[in-house]
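Here's the structure, in structure tokens; my notes come after.
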Amino acid sequence: MASIDQQPAGRPDSGLSFIPVAWLVIVMGLSAYGLIANWRLIGDFSLPENAFFLVYGGLTGGVITILWGLYLLGLAFNRSARFPRHYTIWQIAVIIWLVLRQAYVSYAFVFSVEALGFTVAEIAIGLLCIYLLRNGAGSETVYANPETERPPVFVSILAALLGIILGGVIGACGGFFAGSLIADLTHMSCFEGACGFFAAFVGLGGLIVGAIAGCIFAVWRVNRRRPARAR
């Protein structure tokens with residue numbers, strides 16, 4: 001007789017419990033963009049002390065966010081019952097990091113209403129995601145698989161890293177080709193390398209999109225739900 005997944009009784013899920021997963025992917029994408037944008041500053045000893053702490057703190061936070069996020073994606077794609085609790089811990093840590101970063105930027109640099117607005121918006125979305133995964137909200141009917149049904153975390157991390165590399169390479173090549181083609185079709189002026197800069201810009205966008213898509217596909221592939229085994 002085939003085993004059947006037992007869904008816990010309670011309030012049915014409204015579908016909003018998938019919003020935290022989407023927000024997780026967006027936060028990871030923003031962290032990856034920050035790493036790419038600031039990577040060239042590593043080893044630049046001419047940075048002022050306040051900028052030095054901000055850059056290296058941001059790089060460290062970005063790496064931790066992405067690696068931790070890969071683990072959470074593995075739980076989410078396998079519908080693990082541990083996802084809501086682990087996501088809540090991750091989101092609280094991200095909110096604390098946002099508050100500390102905003103406080104440091106406001107103290108060490110010029111206060112910016114725009115930057116504060118973005119930080120408040122990120123915190124608000126994070127709190128909403130925590131609310132959607134609270135006990136009794138129905139998320140337990142979606143994330144209900146026993147922990148033993150998911151593959152080892154190392155497998156998910158390795159697959160995600162390979163997906164990021166392959167997806168980034170494919171996306172960068174495709175983006176650079178598309179940018180060059182658009183520049184040619186629109187007869188973009190190449191004065192001072194404008195067409196080349198445009199192609200490189202589109203290629204960078206392709207790299208980011210490809211890396212994120214490759215990561216998601218790889219994690220989904222190794223964590224996809226398998227047919228129930230017959231007893």
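Note that this is a predicted model, so its numbers are computed, not measured.
- For the pair Pro84 and Ser80, the tightest heavy-atom approach, listed with the atom from each and the gap, is CD-O, 4.0 Å.
- When every heavy atom of Ala93 is checked against every heavy atom of Trp68, the shortest pair comes out as CB-CZ3, 3.9 Å.
- Smallest separation of non-hydrogen atoms from Met28 and Ile66: CE-O, 3.7 Å.
- For the side chain to side chain contact (heavy atoms under 4.5 Å, CB included) criterion with Gln91, the lone passing option out of Thr88, Ile89, Ile95 is Ile95.
- Looking at heavy atoms from C-beta onward, Ile125 lies out of side-chain contact with Ile19 at the 4.5 angstrom threshold.
- Closest approach of Tyr143 to Ala76, counting heavy atoms only: CE2-O, 4.0 Å.
- In this structure a side-chain-to-backbone donor-acceptor pair under 3.5 Å is present from Arg134 to Tyr131.
- From Thr119, atom OG1 reaches atom CH2 of Trp97 across 11.0 Å, with rounding to the nearest 0.5 Å.
- Of all heavy-atom pairs spanning Leu72 and Tyr87, the tightest one is CD2-N, 3.8 Å.
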Sequence neighbours excluded and cut-off under 3.5 Å, please list the side-chain donor-acceptor pairs for residues 161-170, or say none.
none

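- Residues Val21 and Phe83 form a side-chain contact, since some pair of their non-hydrogen atoms from C-beta on lies under 4.5 Å apart.
- Within the model, atoms CD1 of Ile64 and OG of Ser31 stand 10.5 Å from one another, a figure rounded to the nearest 0.5 Å.
- Residues forming a side-chain contact (heavy atoms from CB on, under 4.5 Å) with Leu100 (at least two apart in sequence, or on another chain): Ile96.
- Applying the ring-ring contact (aromatic ring centres under 6.0 Å, His included) test to Phe118 and every residue at least two apart in sequence or in another chain returns nothing.
- The two atoms that bring Cys215 and Leu73 nearest to each other are SG-CD1, 4.4 Å, heavy atoms only.
- In this structure, the side chains of Gln102 and Val120 stay at 4.5 Å or more apart for every pair of heavy atoms.
- Put simply, the side chain of Trp90 reaches to within 4.5 Å of the side chain of Leu24, judged on heavy atoms.
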